[in-house]
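Reading through the structure tokens given below for one structure.
Order of the sequence lines fixes the chain letters, A, B, ..., with proteins taken first and strands second; residue numbering starts at 1 for each chain. Computation of the quantities below employed the complete heavy-atom set of this structure, encompassing side-chain atoms and omitting hydrogens, waters and symmetry-equivalent molecules. Not measured: the values here are computed from a predicted model.
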Amino acid sequence: MDGISHRHPALHWLHVNLFSSPTNTILTLLAALLLWQLVPPALNWAVFEATFSGTDSDACKYVDEHGEKVDAPGACWTFVKIRWPQFLFGLWYTRNFDQAWRPVLAFVLALGIIAALALPMFSHKQRYQIAAGALVVYPFVAYALLNGAWLGLPEAKTADWGGLTLTLVLASLGIIAAFPLGVCLALARRSRMPVVKGYAVLWIEMFRGMPLITLLFIASVMLPYFFPIGTEIDKVVRAIIAITIFQSAYTAEAIRGGLSAVPRGQYEAAEALGFGFWKSTILITLPQALKISIPAIMNSFIQLFKDTSLVLIIGLLELLNIIQVAARSSQWKGYEAEGYIFAAATFFFFCYSMSLYSRGLERRLDTSLAARRAQQD
Amino acid sequence: MVVVGTLYLLYVLVSNTVANLRDRSIKTSFAFLEETATFAIPLNFFPFWDFTLGESVYWDVFIIGVQNTIIITLLGIPTATILGLTLGVTMLSPNFLLRKLSTGFVEIFRNTPLLLQLLFWHFAFFPPIYNSLPPVRESILTGGMVINSAGIYLPAPTLAGSAGWALAAFLAVAAVAAVMLARHAHRRRMETGVGLPTGTYIVGIFVLALAAFMFFFGDQVGVDLPEKKGLNYRGGMRPTKEIISLWFGLTVYTSTYIAENVRGGILSVNPGQSEAGMALGLSRVLRMKLVVLPQALRVIIPPTISQYLNLTKNSSLAVAVGYPDITNIWLGIALNQTGQALIIVFMTIVVYETINALTSLATNLYNRSVQIQER
């Protein structure tokens with residue numbers, strides 16, 4: 001070992017990381033072989049032999065020696081290039097493309113709120129106020145923008161929403177609406193009143209035991225039964241109700257985990273100060289519990305964001321479904337792979353950045369002594 | 001106050017539902033289960049419970065749905081576990097290339113929706129592979145298998161009469177013997193410090209059980225070979241394209257979560273433990289097997305059981321590729337055909353909640369057994 005470390009640093013790195021033992025060398029060669037088998041053909045397909053130009057599927061075909069139209073060997077990104085407004089904003093906003101600034105503005109506003117929460121210029125208390133305010137106000141602002149009727153703009157009914165816009169609406173509304181419900185359920189599950197506790201346990205266990213698809217099916221069939229005869233419920237609203245119910249059970253478990261991780265002394269101290277249940281919960285224990293449960297909530301949000309694609313099954317045109325529909329149209333038949341890869345890249349972008357953000361948040365919120373010492377060093 | 005409030009809410013919901021059901025003339029009785037099902041169910045991979053169009057009743061549809069959900073779960077769990085374990089261990093490999101490859105694989109498949117992956121496998125990835133297979137007339141015939149562009153046909157073992165129950169009984173006896181042997185070996189190691197080659201013995205026990213079964217019931221065991229009838233092959237076991245896509249997709253997706261569990265579990269073991277093993281002169285493999293993994297398993301197993309539950313729940317995405325699981329043929333097709341919303345929804349919920357309850361029971365039992373050992 002000693003002799004090697006005197007070599008060039010790059011050689012040393014290679015030795016330690018790739019060729020430190022015979023087994024290691026074999027593994028390196030196998031991995032390299034796998035990469036060699038996969039990467040060049042994939043690059044060829046996706047970049048070098050791909051079509052980026054043109055306005056219809058003829059751009060991705062050529063006429064062979066028999067005079068027949070044949071698909072070019074590479075990917076046909078023309079499909080994505082021509083259809084992206086649909087993928088991002090849905091059919092209505094593609095028809096009324098001059099209105100597409102509305103979903104964009106709603107999205108930018110959401111990013112602004114997240115940025116304000118992440119920036120260090122606000123104190124903890126201000127961040128709390130921003131978050132609470134945003135949770136209440138933002139859904140209405142977003143609805144006003146997307147629907148447009150309140151602002152005197154051309155109306156886009158919920159049934160007209162589609163693409164990535166609908167995916168984001170379902171996911172964010174699901175998590176926002178599920179949050180207060182989840183807090184109540186978590187508190188109820190720790191309650192000493194058997195009826196309250198029983199309800200919470202039943203609700204949480206029932207909806208955690210069911211697949212979301214099953215719940216979406218049930219919601220789309222059964223929900224109308226629970227309302228007075230003749231009530232019409234929008235498909236999107238049915239999906240949102242199902243998603244909210246589903247998500248509330250997961251949020252509740254995340255928050256319950258946080259509540260039981262708050263040291264007992266905190267509860268006792270609140271009692272010693274003469275605080276009642278509500279005062280001690282809102283001022284002492286819940287803020288600490290929420291902080292502890294943020295990573296878990298974030299994870300279940302990422303899960304939910306991926307799961308919104310399931311509304312495809314009940315026929316909503318969210319990102320995945322609108323791509324699927326486009327790839328089955330007579331013009332773009334056979335270009336599913338390109339569409340799926342675009343969808344995968346979009347989902348990956350959102351989920352991966354959220355998981356990076358949540359890891360960062362976890363580190364920042366870790367106010368334990370060890371973490372603070374580590375920051376000072 | 002809470003009680004009064006919820007009772008009122010319940011009253012409103014129930015009265016609305018009753019009014020709606022009366023309005024749509026839906027009866028809440030199980031009588032429709034005896035009615036003949038009016039639709040065909042796509043081919044079963046393992047026809048444990050047969051379905052005949054025009055004869056089978058809705059009760060059969062339900063059983064087949066449950067059976068198919070269980071089959072895909074039982075297929076998916078071992079493959080996802082093996083792949084997940086491999087990925088989890090390689091994510092911690094000292095080899096740079098291998099580590100990055102498996103980490104990349106896990107990140108890609110964890111951060112995209114399972115539904116998207118299933119659609120990709122089923123509609124974009126597998127079809128070119130099937131298309132490259134030879135047509136029916138030029139099928140590849142090897143070892144009783146038939147491979148052609150219509151799919152894959154495997155020879156199926158058939159058990160006549162009571163041989164199926166006998167086989168189950170023999171395997172159960174072997175399983176009990178294996179558990180007793182493992183306990184004995186553990187006790188012996190605790191007392192004398194010398195273990196037994198338990199793994200080899202257990203394989204031997206099962207081989208012995210199968211041999212005994214063949215000796216007594218061998219004449220009732222047959223093989224159903226795929227045969228050419230008309231334009232296509234029939235008979236044998238036929239893994240449909242749907243089950244292959246679903247199995248593949250569930251395996252890949254679930255394995256990434258298991259890999260994260262494995263990685264986290266191994267990292268949670270204090271490095272001092274591994275160093276102590278090194279000081280005792282244990283090799284890398286033995287250190288992993290005797291020191292790190294037994295401790296890591298306590299951390300790995302509970303979340304992995306919940307991933308198995310997730311796999312079961314995710315198998316409901318079968319509807320996207322057309323595999324006949326319970327959500328697809330029962331909650332989807334049967335409900336559409338009969339309109340018996342209440343009963344069908346109720347039965348579906350019961351199935352999933354039973355699976356859920358069994359899983360959490362298993363987790364609790366495991367956690368308890370681990371806690372006793374911890375002292």
Choice from [options] maximising heavy atom contacts with chain B below 4.5 Å:
options	result
Gln303(A), Met354(A), Glu336(A)	Gln303(A)
Ile218(A), Leu212(A), Leu215(A)	Ile218(A)
Val221(A), Thr214(A), Asp307(A), Leu312(A)	Thr214(A)
Tyr352(A), Tyr340(A), Phe349(A)	Tyr340(A)

Please look at [X] and chain B and tell me whether the side chain, the backbone, both or neither of the residue comes under 4.5 angstrom of a heavy atom of that chain.
X	value
Ile313(A)	side chain
Met210(A)	both
Leu34(A)	side chain
Leu320(A)	side chain
Ala345(A)	neither

Arg208(A) with Glu353(B): basic N within carboxylate O range, under 4.0 Å: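 A salt bridge is absent here (no side-chain N lies under 4.0 Å from a carboxylate O).
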SB check Glu107(B) Arg110(B) (cutoff 4.0 Å):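 No.
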Parallel, tilted or perpendicular: rings of Phe126(B) and Phe248(B) (30°, 60°):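 Plane angle over 60°, so perpendicular.
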State whether the side chain of [X] and the backbone N or O of [Y] hold a donor-acceptor pair below 3.5 Å, judged by distance alone.
X	Y	result
Thr167(A)	Leu319(A)	yes
Ser274(B)	Asn270(B)	no
Ser21(A)	Asn24(A)	yes
Gln117(B)	Phe109(B)	yes
Trp77(A)	Ala46(A)	yes

Chain A interface, residue from [options] that has the most non-hydrogen pairs under 4.5 Å:
options	result
Thr90(B), Val345(B), Asn95(B)	Asn95(B)
Asn314(B), Leu317(B), Ile344(B)	Leu317(B)
Ala124(B), Ser315(B), Pro113(B)	Pro113(B)

Let me know if [X] has heavy atoms under 4.5 Å from chain A in its side chain, its backbone, both or neither.
X	result
Thr348(B)	side chain
Arg99(B)	side chain
Asn111(B)	both
Leu335(B)	side chain
Leu101(B)	side chain
Ile349(B)	side chain
Phe346(B)	neither

Ring centroid separation Trp203(A) to Phe207(A) under 6.0 Å: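 Yes, close enough.
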Closest heavy-atom pair and its distance - Ser316(B), Ile213(A):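 Closest approach of Ser316(B) to Ile213(A), heavy atoms only: O-CD1, 3.8 Å.
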Validation row: His122(B), Leu246(B) side chains within 4.5 angstrom (heavy atoms):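 Contact flag for His122(B)/Leu246(B) side chains = no.
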Flag for Asn68(B)-Asp325(B): side-chain donor and acceptor within less than 3.5 Å: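 Absent: no donor and acceptor within the cut-off.
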